[in-house]
Amino acid sequence: FKDPKRICAGAVLLQIICHLSLLLIGSNTAGFIVAMTVCQFFYQLTCIILFSMFVDAVDFTELRERKAGKTDVASGTAMSLHFTAVMFAQVLGGAVRNVALAQAGYIGAETVASPELTQGLVNMYALWPTAFLAVGFIAIFFYSLDRKTMDEVHKELEPLREAAAQKAEK
């Protein structure tokens, strides 16, 4: 991607807009489905972009480590941490969802549908994700690896990787 930071920030901003649109849509089921379907598209785009940004961060770190003279650079281990973070987020998401459902008035099989419950569920889908997305949106601005930087990183990193591979073969 030419400018992953900008694409990611745009996708996150569009996700925030989709979630906040639920406050206007209210209890309209069709509107809710459309808004969340559009939002899901931007979630998937963000997942793809974030993965490429993570790979760039791993390469950047590998270059720094190799320039410092370290030979036991574990890029594969760093990549596995990405999936650990994803798994942690899924667990955290489940816990947050349970808290939000309780705040909305949902108590399991005993729950009676009411306008208050409906509004609580709309608020849950509008406000909780928006809060987390806003934190992510701000965090994106601290990411400094643009395409020019990564081209330079790869230009320096490839010979170092080749030298390390040759040294390992001996």
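The structure displayed is predicted, hence computed values, not measured ones. Atoms considered below: every heavy atom in the structure, side chains included; atoms not considered: hydrogens, waters and symmetry mates.
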Under the salt bridge (charged side-chain N to carboxylate O under 4.0 Å, His left out) test, which residues partner Arg161, sequence neighbours left out? Asp59, Glu62, Glu158
Side chain to side chain contact (heavy atoms under 4.5 Å, CB included) evaluation trace for Leu127 with Leu23: CA-CA 9 Å; Leu127 302 177; Leu23 296 173; 4.1 Å; yes
With ring-ring contact (aromatic ring centres under 6.0 Å, His included) as the rule and sequence neighbours excluded, what pairs involving residues 135-170 come up? Phe137-Phe141
Are any side-chain N or O atoms of Thr149 and backbone N or O atoms of Leu145, one a donor and one an acceptor, separated by less than 3.5 Å? no
Tell me, which pairs form a ring-ring contact (aromatic ring centres under 6.0 Å, His included) where one or both residues lie in residues 52-81, sequence neighbours left out? Phe54-His82
Main chain of Cys39, side chain of Gln15: is a donor-acceptor contact present, judged purely on distance under 3.5 Å? no
List the atom pairs, donor and acceptor, that lie under 3.5 Å between side-chain atoms in residues 96-106 and the rest of the protein, sequence neighbours left out.
residue	atom	partner	partner atom	Å
Asn98	ND2	Gly94	O	3.4
Gln103	OE1	Trp128	NE1	3.4

For Gln119, check side-chain hydrogen bond (donor to acceptor under 3.5 Å, both in side chains) against everything at least two apart and list the hits. Asn123
Do you know which two heavy atoms are closest between Val122 and Ser27, and how far apart they sit? CG2-N, 4.4 Å
Of all heavy-atom pairs between Val38 and Cys18, which one has the smallest distance, and what is that distance? CG1-SG, 3.8 Å
What heavy-atom pair brings Cys8 and Leu50 nearest, and what distance separates the two atoms? SG-CD2, 3.7 Å
Scanning both residues in full, the closest heavy-atom pair of Val112 with Leu117 reads O-CD2, 3.9 Å
Set of residues satisfying ring-ring contact (aromatic ring centres under 6.0 Å, His included) with respect to Phe32, sequence neighbours excluded: Tyr125
